[in-house]
Amino acid sequence: MAELNLILLGPPGAGKGTQATRLTEDFRLPHIATGDILRAAVSAQTALGKEAKRYMDGGELVPDSVITGVILDRVAQDDARDGFLLDGFPRTVEQADSLGTEIEKRGRRLTAALLVDAPDDVVVKRISGRRVNPQTGRVYHVDFDPPRLAGRDDDDGSELVQRDDDREETVRRRLAVYHAQTEPLIDYYDRRGLLRRFDGTASPSEVHSHIRAAISTLQREDEL
Ligand code: AP5
């Protein structure tokens, strides 16, 4: 079967992480989430984590020079040989160029950039109710996608937490950064014929079934 090399794009809170959890189970792909990688580095207090924290807490992007090498190394690991789902990378045109060059060098190509989109007022509401399992990164919402037992993860019972960068003023800054630095990637991938758009305001299961159907179609087209 052809490789599935996928990128998830979209504003903070649009549902990239929520969909990634479901899609990686459907298609057995490693979920490479830059935010999760950086948060793990922050909590382990590694050099990467110490450098990243001051940007993340302010809602700014970590510099390309800090993040790009980490993600390109991750994509080159064995479990991503037959495909990957990148969530949160690339986020700038420079990162997109680096990714394109690197995977081409390895004789691979991107399958699609999946845009999950939602307006600013919707994502601000979502992020304020988000709760996360800090061990696994699984995401919930207190109203829209609650755990079975309040405050506890359905799978391992861990205590759910609120992310440090989910305060409203930081979210507004993250949105401004998204519009300025990441949104140009929509056009970037559209021009390359790779963009697929999904309405992130539908329910999580509707968004999931739309994306899953689109990926299955891409897989079938590749096999013809
Ligand atoms: P990152 O962790 O990647 O954050 P983000 O892109 O801002 O995205 P989020 O995780 O906030 O949202 P999401 O789209 O995954 O939504 P979710 O599924 O959780 O990055 C954090 C920081 O790290 C950045 O600000 C930056 O500093 C740094 N960083 C990361 N990558 C970088 C890079 N490449 N370069 C430089 N810096 C980088 O859903 C949100 C909530 O809504 C949840 O509660 C969920 O349950 C609920 N929900 C989801 N879908 C629905 C739905 N359809 N209906 C109702 N509720 C829903």
Side-chain angles (χ1 to χ4, degrees), residues 7-23 31-42 48-49 51-72 74-75 85-96 98-99 114-120 122-134 137-147 153-154 160-168 170-183 185 198-211:
I7 292 171
L8 270 171
L9 275 181
K16 302 182 297 295
T18 301
Q19 297 305 323
T21 307
R22 292 161 164 80
L23 296 169
H31 173 201
I32 303 175
T34 32
D36 291 348
I37 291 171
L38 291 170
R39 280 184 288 278
V42 169
L48 169 67
E51 171 77 4
K53 185 172 166 45
R54 56 202 176 102
Y55 296 100
M56 295 172 78
D57 285 352
E60 303 295 333
L61 293 184
V62 172
D64 291 342
S65 57
V66 173
I67 187 73
T68 300
V70 175
I71 301 305
L72 297 186
R74 179 65 190 87
V75 167
L85 180 62
L86 270 176
D87 166 6
F89 189 95
R91 255 176 152 105
T92 62
V93 169
E94 192 181 328
Q95 291 180 10
S98 303
L99 176 68
L114 312 167
L115 170 66
V116 182
D117 213 355
D120 290 8
V122 170
V123 304
V124 170
K125 218 175 279 168
R126 283 186 188 172
I127 287 180
S128 62
R130 169 164 55 193
R131 299 294 181 272
V132 186
N133 178 336
R138 181 165 173 188
V139 171
Y140 297 86
H141 190 283
V142 290
D143 300 315
F144 308 138
D145 189 13
D153 182 75
D154 289 351
L160 302 177
V161 299
Q162 191 160 24
R163 275 171 39 179
D164 288 343
D165 61 348
D166 278 355
R167 291 185 319 267
E168 184 162 342
T170 314
V171 172
R172 298 256 175 223
R173 181 63 203 146
R174 284 163 56 201
L175 271 168
V177 167
Y178 170 78
H179 292 306
Q181 299 193 53
T182 308
E183 221 164 44
L185 293 181
F198 301 92
D199 175 8
T201 63
S203 72
S205 46
E206 282 172 301
V207 180
H208 174 217
S209 59
H210 291 150
I211 303 181

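One-based numbering, in listed order, for ligands and for the atoms of each.
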R174/D166 under salt bridge (charged side-chain N to carboxylate O under 4.0 Å, His left out): CA gap, chis, key distance, verdict: CA-CA 10 Å; R174 284 163 56 201; D166 278 355; 3.0 Å; yes
Tell me, with the steps shown, if D154 and R138 meet salt bridge (charged side-chain N to carboxylate O under 4.0 Å, His left out). CA-CA 9 Å; D154 289 351; R138 181 165 173 188; 3.8 Å; yes
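With sequence neighbours left out, H31 forms a ring-ring contact (aromatic ring centres under 6.0 Å, His included) with no residue at all.
Residues V62 and E51 are not in side-chain contact: their nearest non-hydrogen atoms beyond the backbone lie 4.5 Å or more apart.
Closer than 4.0 angstrom to ligand 1 lie heavy atoms from P11, P12, G13, A14, G15, K16, G17, T18, T34, G35, L38, R39, M56, E60, L61, V62, I67, G88, F89, R91, Q95, R126, R130, V139, Y140, H141, F144, D145, R163, D165, R174, G200, A202, S203, P204.
What you find for L114 and F198 is that their closest heavy atoms are CD2-CE1, 3.9 Å.
A donor-acceptor contact shorter than 3.5 Å is absent between the side chain of Q19 and the backbone of G15.
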